[in-house]
Number of protein chains: 2
Amino acid sequence: MNINQILDKIHPINTSSKLKFIESFEEVSLPKNQLIIRSDKVEKSIYFIKKGIARTFSNFEDGEVTIAFGEEGATIISLKSYILNQKGYENIELLEDCELYKISVTKLQNLFSTDIDIANWGRKFAEQELIKAEQRFISNQLGTATERYLELIKKHPTLIQRVPLGLIASYLGITQVSLSRIRANIS
Amino acid sequence: MNINQILDKIHPINTSSKLKFIESFEEVSLPKNQLIIRSDKVEKSIYFIKKGIARTFSNFEDGEVTIAFGEEGATIISLKSYILNQKGYENIELLEDCELYKISVTKLQNLFSTDIDIANWGRKFAEQELIKAEQRFISNQLGTATERYLELIKKHPTLIQRVPLGLIASYLGITQVSLSRIRANIS
DNA sequence: AGAAAAATTTATCAAATGATAAAAAATGAA
DNA sequence: TTCATTTTTTATCATTTGATAAATTTTTCT
């Protein structure tokens, strides 16, 4: 998915602002398994996925939590860095070879403070992530792990093929062994 | 907490813009137990809490999920209405008599599209809610219900006094009976 | 205060998930 | 292909939480 489509999908921007916006991006290719964002430092850039898939996760005493998967069109972002300029809990790794659009947070913030169309794009971006977060939270509170798994494969059918089961389990908030058992009991 | 403090806490705005912003609010007083936002219609306003406490929840086939509590300074908002202009799953009720600041979404969107300072305030508002949502999600995935309960009383110690236990339980994603058992096992 | 209603606790049994270990299957590198 | 590694499945037992019911305590209303 190209950067023009990605930006438009979030919120349309007038032509001259969008041109300026798009010029601020740089294209990068990075290999599978690369850890592109580390929780122990403030990340200075954000990325959009042209091609490939990434995983955001947090490390804790025992084990890790998968916060999100990002497929084509999604953002690779440390919210703590982007929003609070603080190092945080977010690690992001690439699960496939990826082509990415990269922009520095500083450059982005300059655009926000000088161009009202881009500022409103930035608002819409945060708002849409917020809606997703709320929906995910509700679905997590509500159903059993089985229901959440079925919902996930319905919403993101290709994910199962592209991502190891252990990571899916950690996204669903259960162990890999439990997910395997759930899968056995479905069919 | 007055509207000036509430707005500033989210993101500072220059004096003339803020004056314009604050003039767009209306103060309203509403009684305990009032359902001020209903999931079956698009809500045309958002509110900030000057005094009191509110609860956002969703109704489903069996039971309901408490999405959030809002104390002084918090926002009472149907994200689905505010962001997508759609009716959604969010009901909001007042748990105490409340004094609120009210603004229509239309008025707010006009301010966003004409004033870059207010547009960036709107961006910061969504971003901060997003950070909260992510932190809540992680803490929910990570720990047991007991840990989440302890975390909640540490972060919002007055909440326990102000809110019935059943609602706290539904916020934690467990039944009221389970929370009672957890409390019995702590001390 | 006294009665009714609501909230909280306690108890019992069932269901879902975790922890651990081991086997089986799939993947990747030489 | 073959071997080593990783991933997935299966099995067993322990723990957590749910469902239900009943008892107790607290709150609300008159």
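Protein chains get the first letters and strands the later ones, always in sequence-line order, with residue 1 at the start of each. These numbers come from a predicted model, not from an experiment.
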- Task: Indicate, with a heavy-atom threshold strictly under 4.0 Å, whether A:G143 touches base, sugar-phosphate, or nothing.
- Result: nothing

- Round to the nearest Å and state the distance from B:L172 atom CG to C:dT8 atom P. 13 Å

- Message: Taking the six-membered ring for Trp, are A:Y101 and A:Y47 closer than 6.0 Å centroid to centroid?
- Response: no

- Rounded distance in Å - NZ (A:K32) to C1' (C:dT27): 10 Å

- Task: Just call it for A:S180: base, sugar-phosphate, or nothing, with non-hydrogen atoms closer than 4.0 Å on any strand.
- Result: base

- Task: Hey, which sits more toward the 5' end of DNA chain D by its nearest nucleotide, A:V163 or B:R181?
- Result: A:V163

- Query: Whole-Å distance between C:dA16 C1' and A:R148 CZ?
  - Reply: 11 Å

- Query: B:I174 has an atom CD1; how far is it from atom P of C:dT8, in whole Å?
  - Reply: 13 Å

- Query: Is there a side-chain polar atom (N or O) of B:T144 under 4.0 Å from OP1 or OP2 of D:dT16?
  - Reply: no

- For D:dG18, does OP1 or OP2 lie under 4.0 Å from any side-chain N or O of B:S178? yes

- Salt-bridge contact A:K32-A:E96 (side-chain N to carboxylate O under 4.0 Å): no

- Query: Is a side-chain N or O of A:S81 found less than 3.5 angstrom from the main chain of A:I77, in a donor-acceptor match?
  - Reply: no

- Note on the structure: To the nearest angstrom, the CG-C1' distance between B:N185 and C:dT10 comes to 11 Å

- Item | B:K87 atom NZ: more than 12 heavy-atom contacts under 6.0 Å | no

- Message: Using heavy-atom distances to pick each residue's nearest nucleotide on DNA chain C, tell me which of A:V177 and A:T146 is more 5'.
- Response: A:T146

- Using atom CG of A:L165 as one end and atom P of C:dA25 as the other, report the distance to the nearest whole Å. 16 Å

- Task: Starting at atom CZ of A:R183, determine the distance to atom P of D:dT8, rounded to an integer number of angstrom.
- Result: 7 Å

- Step by step, would you call B:K50 with B:E72 a salt bridge (charged side-chain N to carboxylate O under 4.0 Å, His left out)? CA-CA 6 Å; B:K50 180 180 186 181; B:E72 282 77 11; over 6 Å; no

- Item | 5'-most by nearest nucleotide on DNA chain D - A:L179 or B:A145 | A:L179

- Could you state the CD1-C1' distance from A:I182 to D:dT8, rounded to the nearest angstrom? 14 Å

